[in-house]
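Atoms within each ligand, like the ligands themselves, are counted from 1 in listed order.
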Amino acid sequence: MTTISPTRRAAEKRTDTLEAFFRPRSIAIIGASRTPGKIGHEIVRNLKLSGFRDEIFPVNPKAKSVLGYKSYEKIGSIGRPVDLAVIVVPAERVEQVLQECGETDVKAVIIITSGFGEVGKTDLEKRLVEVSRSYGMRLVGPNTFGIFCAISRMNCTFGPNYILSGKTAFITQSGALGLALMSWTTEEKYGVSAIVSIGNKADVDDADLIEYFEGDESTKSILIYMEGLKDGRKFYNSSKIVAAKKPIVVIKSGRSKRGAMAVSSHTGSIAGQDRIFDVAFNEAGVLRADTMTQAFDWIQSINENPLPNGPNLVIVTNGGGIGVLATDKCEELHMDLMELPDDLKEKLRGVVPSFGSIRNPIDLTANADDELYRKVLQVLFERDDVNAIIALFCQTANIDATLVAESIIKSVGTGEKKKPITIAFVGGQMAKVAYERMLDKRFAAYPTAERSVDGMYALISRYKRSQMR
Ligand code: COA
């Protein structure tokens, strides 16, 4: 067993910032394999393909070079400062390598290797934390797939090599799910500012990360997939402060008894009593999503919209049926539809055909074309007393859904929106093309009315919360 050297520079070096994980000027990959397909090799490849601009140092005593980068026998032979070290060597060698990282003044370490706390080897894991603390290093993992940071063009993971940039920092406790969601966020056009596979959370945990992302300008919202917490109080305290400034959405699994059992055998963490999580999230102002779809619907709405200035919500629709469905959903989520004042009704009467309805939901009927949507939205956007809008469109044979989409985009504008709007295009291929066009233009668009209401719920509930402070 190696001796831990005295805590020489540890105190000064152990800064509270996690900057070295996200904006390192140099990265060493220890265990950078020569063999394509091995994890250490794929991490070097992803770093290369993502266009990481600073220095990459593969470390592998058996290699001369890896993917065109000169390889080093050990981290100490690099002879230049290393901000971030990624450890991808078999478990029995990790402690020794970590020690060498400390001795060469590395600031941050990601341990990809599995086989620690999650398989009951908690003493071994504690030892890794002791070693890194003694040198003032911060540690992500072990048992992680790595970190992606869009602004640094740093894909330090063995996940997909292309990840769409966006505004959400995604923290995941599950490796496989996180890897799957990396591709999914790209496919669904969400994009991420960062992804952190948090692994066993031996040192850096959810609370540390949300505090970091609070100060990160490229991050507008934070999404966490959580199975359990080691220090619930710490997360509660941090999230209460951070959520007041940046939205935090959590998917916390293990609601059911069997689910909780599955959590403890998966990552070794304790799922805890679900009700306690519910209460704590609610008190801290953290939005807890029931499903992945809901979490991403919320995130999309939050990222693409300002918060409403008030609770007054108006629905515009071309179909009575989806208008009613949306109204039901609003009531279920305790979102009141605005009682339209007479002067607003009068203005609407000037543009809505006589057979339409100017009550809320405003029903433009199946004849509603792009021009009518434009006029009605213009009226609503000009009104200070209308704080939020849900626009619904059912595909019809006579109206081109894509023209309606273009018209909404034009009338709202593609810059900062003056007020929040969520949209649903319901129907077949044409509706899909229309709402995808809106996604491309950074609108919160959905394929069903209920989801557009749910998207708006994230904003209204944050607005209500802001009024309680
Ligand atoms: N310093 C530098 N390089 C070293 C080394 C050391 N001390 N010891 C070994 N290496 C090199 C090896 O020579 C090898 O390179 P090569 O392929 O060019 O010969 C490379 O590191 C990898 O070592 P290897 O023994 O082949 O291990 P591996 O690649 O099969 O497995 C892990 C290593 C870390 C990937 C594996 O132990 C592991 O933990 N896998 C699970 C990871 C995981 O799932 N994480 C969680 C994701 S959510």
Side-chain angles (χ1 to χ4, degrees), residues 2 27-47 56-78 82 84-104 106 109-121 124-125 128 131 139-148 155-160 163 170-183 195-206 224-228 253 263 265-269:
T2 47
I27 305 178
I29 304 92
I30 308 170
S33 171
R34 295 158 294 176
T35 313
K38 280 201 179 183
I39 292 179
H41 186 89
E42 294 310 311
I43 292 176
V44 180
R45 185 200 297 280
N46 273 349
L47 278 169
I56 298 173
F57 302 120
V59 177
N60 179 347
K62 294 189 192 152
K64 282 204 167 65
S65 71
V66 177
L67 288 161
Y69 300 102
K70 176 178 166 17
S71 176
Y72 296 84
E73 194 188 341
K74 47 188 180 165
I75 190 151
S77 19
I78 295 173
V82 172
L84 175 63
V86 188
I87 299 181
V88 211
V89 297
E92 64 279 7
R93 296 189 201 157
V94 169
E95 188 182 333
Q96 175 61 37
V97 164
L98 186 64
Q99 180 91 28
E100 289 166 10
C101 289
E103 281 159 9
T104 47
V106 167
V109 179
I110 302 172
I111 301 180
I112 302 286
T113 312
S114 305
F116 297 92
E118 83 283 5
V119 291
K121 295 190 178 167
L124 212 53
E125 189 165 299
L128 300 182
V131 173
L139 164 63
V140 163
N143 190 28
T144 134
F145 66 72
I147 294 179
F148 164 80
N155 183 356
C156 194
T157 75
F158 59 92
I163 299 165
F170 176 38
I171 302 165
T172 173
Q173 194 174 351
S174 163
L177 186 62
L179 284 167
L181 286 179
M182 277 167 98
S183 306
I195 298 179
V196 185
S197 162
I198 201 166
N200 295 358
K201 313 191 214 184
D203 174 30
V204 173
D205 62 12
D206 314 68
I224 307 176
Y225 170 76
M226 182 188 287
E227 297 190 341
S253 60
V263 161
S265 58
H266 177 203
T267 50
S269 57

Closest protein heavy atom (residue, atom, distance) for atom 6 (C) of ligand 1 = Val89 CG1, 3.7 Å
Distance-only side-chain donor-acceptor flag, Gln96 / Glu100, under 3.5 Å = yes
So, for Val109 and Val106, which heavy atoms are closest and what is the spacing to 0.1 Å?
-> CG2-CG1, 4.0 Å
Which one of Thr144, Ile43, Val88, Ile198 has a non-hydrogen atom at the shortest distance from atom 32 (C) of ligand 1?
-> Val88
Kindly give the heavy-atom pair with the smallest separation between Ala91 and Ser114, and that separation in Å.
-> CB-O, 3.7 Å
Taking only heavy atoms of Ile30, which atoms of ligand 1 are found under 4.0 Å from at least one of them?
-> 1 (N), 2 (C)
Closest protein heavy atom to atom 9 (C) of ligand 1, given as residue, atom name and distance to 0.1 Å | Arg93 NH1, 2.9 Å
Among all protein heavy atoms, pick the one closest to atom 23 (O) of ligand 1 and tell me residue, atom and distance.
-> Pro90 CD, 4.0 Å
Atoms of ligand 1 under 4.0 Å from any heavy atom of Ile112, numbered from 1 in the order shown, are 42 (C), 43 (C), 45 (N), 46 (C)
Closest approach of Gly199 and Gln173, non-hydrogen atoms and distance?
-> O-CG, 4.0 Å
Identity and distance of the protein heavy atom lying nearest atom 40 (N) of ligand 1 | Ile39 CD1, 4.3 Å
Check: Ser174 main-chain N/O paired with Thr172 side-chain donor or acceptor under 3.5 Å = yes
Report the nearest protein non-hydrogen atom to atom 15 (O) of ligand 1: residue, atom name, distance rounded to 0.1 Å.
-> Asn60 ND2, 3.1 Å
Minimum-distance pair of heavy atoms, taken over all atoms of Tyr72 and Ser77 = CD2-O, 3.6 Å
Have a look at ligand 1 and work out which part of Arg34, if any, has a heavy atom under 4.0 Å from it: side chain, backbone, both or neither.
-> both
N or O contact, Ser114 vs ligand 1, cut-off under 3.5 Å = yes
With heavy atoms of Phe158 as the reference, note each atom of ligand 1 found under 4.0 Å away.
-> 47 (C)
Name the one of Ile43, Ile195, Leu47, Ile163 that satisfies side-chain contact (heavy atoms from CB on, under 4.5 Å) with Asn155?
-> Ile163
Short list, please: which atoms of ligand 1 are under 4.0 Å from a heavy atom of Pro61?
-> 1 (N), 2 (C), 3 (N), 4 (C)
Is there a protein heavy atom at a distance of less than 4.0 Å from atom 36 (C) of ligand 1?
-> no
min-distance protein heavy atom vs atom 17 (O) of ligand 1 -> Ser33 OG, 2.6 Å
Heavy-atom protein neighbour under 4.0 angstrom from atom 26 (O) of ligand 1 = yes
Taking Glu118 for its side chain and Gly115 for its backbone only, find out whether a donor-acceptor pair lies under 3.5 Å.
-> yes
Backbone or side chain, does any N or O of Ser197 fall under 3.5 Å from an N or O of ligand 1?
-> no
side-chain contact (heavy atoms from CB on, under 4.5 Å) partner of Ile198, the single match among Asp206, Ile147, Ile224 = Asp206
Any atoms of ligand 1 less than 4.0 Å from a non-hydrogen atom of Gly175? List them with their elements.
-> 48 (S)
Could you tell me whether the side chain of Arg34 and the main chain of Lys62 form a donor-acceptor pair under 3.5 Å?
-> yes
Under 3.5 Å: N/O of Thr113 near N/O of ligand 1 | no
Which option, Gly141, Gly31, Ala176, Pro58, owns the non-hydrogen atom nearest atom 22 (C) of ligand 1?
-> Gly31
May I ask you to decide if Phe145's main-chain N or O and Thr157's side chain share a donor-acceptor pair within less than 3.5 Å?
-> no
Under the 3.5 angstrom rule, does the side chain of Thr113 hit a backbone N or O of Val89 as a donor-acceptor pair?
-> yes
Residue Val97 vicinity, atoms of ligand 1 by number, heavy atom under 4.0 Å = 7 (N)
Nearest-neighbour protein heavy atom for atom 29 (O) of ligand 1, which is reported as residue plus atom name and distance = Lys38 CD, 3.7 Å
of all protein heavy atoms, closest to atom 46 (C) of ligand 1 is Asn143 OD1, 3.3 Å
Correct closest heavy-atom pair for Lys201 and Gly228 would be NZ-O, 2.8 Å
